[in-house]
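Here is the structure we will look at.
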Number of protein chains: 2
Amino acid sequence: MEYAGRGDAARTMMLLWDGLPAPQRGPRQRLDLPRIVDTAIAEADRAGPSALSMRSLAQALGIGAASLYTYVPGKAELLELMVDRVAGTQSLPSAANGWQTGLRDLAESDLANYRAHPWLLQIATSRTVFGPNVIARYEAALALLDGLDLPALDIANHIATLDSYTRGAAAPVVEAEQAFSHTGNTDDEWWTARAPLLDERLNNRFPHLTALATRGAFTVSSTTQPYTLQRALDRFTHGLSLLLDALTTRVTTAKTTT
Amino acid sequence: MEYAGRGDAARTMMLLWDGLPAPQRGPRQRLDLPRIVDTAIAEADRAGPSALSMRSLAQALGIGAASLYTYVPGKAELLELMVDRVAGTQSLPSAANGWQTGLRDLAESDLANYRAHPWLLQIATSRTVFGPNVIARYEAALALLDGLDLPALDIANHIATLDSYTRGAAAPVVEAEQAFSHTGNTDDEWWTARAPLLDERLNNRFPHLTALATRGAFTVSSTTQPYTLQRALDRFTHGLSLLLDALTTRVTTAKTTT
DNA sequence: CTCATACTCCGAACAGTGTACGGTCTAGTG
DNA sequence: CACTAGACCGTACACTGTTCGGAGTATGAG
């Protein structure tokens, strides 16, 4: 369940950019690729990433499991198609309010994307899916940093850094959200189950940790959200601000030295 | 293959901190927990994360598959044990050369850990494993930021940010490395297989992207490493520097306002 | 010493998974 | 009309994690 990009490169590219060519001979296709991908996304959203099986997907589509393979070479390719498709549903950032707000919007809509489709974090942990929508998003990010007199390499690196951070920091958010929605508890029961067991072990063994805890480092600002979720969200925006600050410094010093 | 922390909390804590209690009655245990965990790590390192099955692990240990369940409640718990164990093999940072170098060392030894054990990135994408070694690492990170007059919440957030970034940016590095070691090619064949297919599609459709490419943004400084790997490494240190810069700014401004 | 008890170990089975194969049937082309 | 490309799919294969029940073993109790 963790693979992507293992499929035939040419075939995948074809599917991503041109879709499925209509067959010349033989019976009509009962389904079309977008519908398959959409149903797969819906299934994965609803039942969790590991619950998306070729059989269950086929059943949801009203066809046999083996028939799926006439549309898609395998599950890996299907996942790539899903990734690119959901990338297309998110809004692209605008440079209207400055590049900083643009980048922030980009990161936050990425976060929204991860939250809407938790399976994104479980698959394809690294390889970029070179689909039209993914690349369009990258292009939009580049557009934001255009005209700032940055070295080309820095532009690519800055955006890669933001992407890496977003993905890494989105994971705890999504996890907290899922734990919440699965158990349905107001507080995180995973945490409350471990806290007493943990306290026992930490006794006097980790001074900085306990000091920080008593200083309230693990408390959270508001409690409109479940505890763990709110903390993950706080941390996401905290780190994002850090990165944007660093970028701002780089840009202005680059400008002044020019 | 992507779950962790689903097991019984109390039992997992026991295993993580106290190990397996020796049985009072019945035949001697043929194996011990550390040996199981170590073999599991070795297997996962060698054959990839998805190749680690309970059956293959049992075979490598010379016992039946079902016997594993007398040592470990399930695969999820085994993975947690593996995570904590490898966390213990990495060196802890020292504050001798300042907290910035300390944090940099921490992030870089985390990266080394991900490179040595690629399966780390595939499992437990979010939930912290509350094992002794993992917590010891966290404690060491806290110690670095101690005495800098930072608000408690900021300390926790800073470290969380670094962790998120490290994980996110380590993923491309590990992926590039694995693609290289699997194919054994000097250059990344995944990339070369897709490049011509990609060029075809990108024609005049993504101006910023093509402009950046011609300006050499996707080239790499040295070529002692495979192309994709070196680029991922460059990006890792680039983003790490960005974050450390931002942290330095925060710390100094906090000091001057005090 | 006896023996029940608690425990390890494991073969077999269960319900899954992704995917390959070969056959059946349909629909457009020469 | 005959032909054949190709959609559709039942079945099978080699896996997966985990459970069950039985067989064997070492220990503590009486």
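A note on names: the letters A, B, ... follow the listed sequences, proteins ahead of strands, and every chain is numbered from 1.
Applying side-chain contact (heavy atoms from CB on, under 4.5 Å) to B/Pro34 and the options B/Asp32, B/Leu31, B/Val37 leaves one that passes, B/Asp32.
Not one side-chain nitrogen or oxygen of B/Thr70 sits closer than 4.0 Å to the OP1 or OP2 atom of C/dT8. Distances shown here put a side-chain N or O of A/Arg30 below 4.0 Å from the OP1 or OP2 atom of D/dC9.
Of all non-hydrogen atoms in B/Leu92 and B/Ala140, the two that sit nearest each other are CD2-CB, 4.0 Å.
Atom CD in A/Gln59 sits roughly 13 Å away from atom P in C/dG18 (whole-Å rounding). One can place OH of A/Tyr69 at 20 Å from P of D/dG6, the figure rounded to the nearest angstrom. Taking atom CD on A/Gln24 and atom C1' on D/dC3, their separation rounds to 17 Å, with Å as the unit. Here D/dT16 presents its P atom at 11 Å from CE of B/Met54, a figure rounded to the nearest Å. We find that CG of A/Leu68 is positioned 13 Å from P of D/dA7, with the value rounded to whole Å. Atom-to-atom, CD1 of A/Ile123 to C1' of C/dG18 comes out at 16 Å; the value is rounded to the nearest Å. Summarising the geometry, the separation between CD1 on B/Ile36 and P on C/dT8 is reported as 11 Å, rounded to the nearest angstrom. Between A/Gln29 atom CD and C/dG28 atom P the separation is 12 Å, expressed in whole Å.
Ion pairing between A/Glu177 and A/Arg115 holds under the 4.0 Å rule for side-chain N and carboxylate O. By the 4.0 Å N-to-carboxylate-O rule, B/Arg201 lies close enough to A/Asp18 to be salt-bridged with it.
Side-chain N/O atoms of B/Arg55 and base N/O atoms of D/dG17 include a donor-acceptor pair closer than 3.5 Å.
The B/Tyr71 side chain lies nearest to C/dC9 when the options are C/dC9, D/dC9, C/dG18. Of the listed nucleotides (C/dC7, D/dC9, C/dC9), D/dC9 has the atom at the smallest distance from the side chain of A/Ile63. Distances were taken from every side-chain heavy atom of B/Lys75 (C-beta onward) to each of D/dT18, C/dG18, D/dG6; the shortest belongs to D/dT18. Taking every side-chain heavy atom of B/Ala66 into account, D/dT19 is the closest of C/dT5, D/dT19, C/dT17. In the set C/dA6, D/dC8, C/dC9, the nucleotide with an atom closest to the side chain of B/Ser67 is C/dC9. Of the candidates C/dT26, D/dC8, C/dG28, the closest approach to any side-chain atom of A/Arg28 belongs to C/dG28.
Residues A/Ser109 and A/Arg137 have side chains that bring a donor and an acceptor to within less than 3.5 angstrom of each other.
Mapped onto DNA chain C by nearest heavy atom, B/Leu31 and A/Gly74 fall at different nucleotides, with B/Leu31 at the one closer to the 5' end.
Here A/Gly26 lies in heavy-atom contact (under 4.0 Å) with a base.
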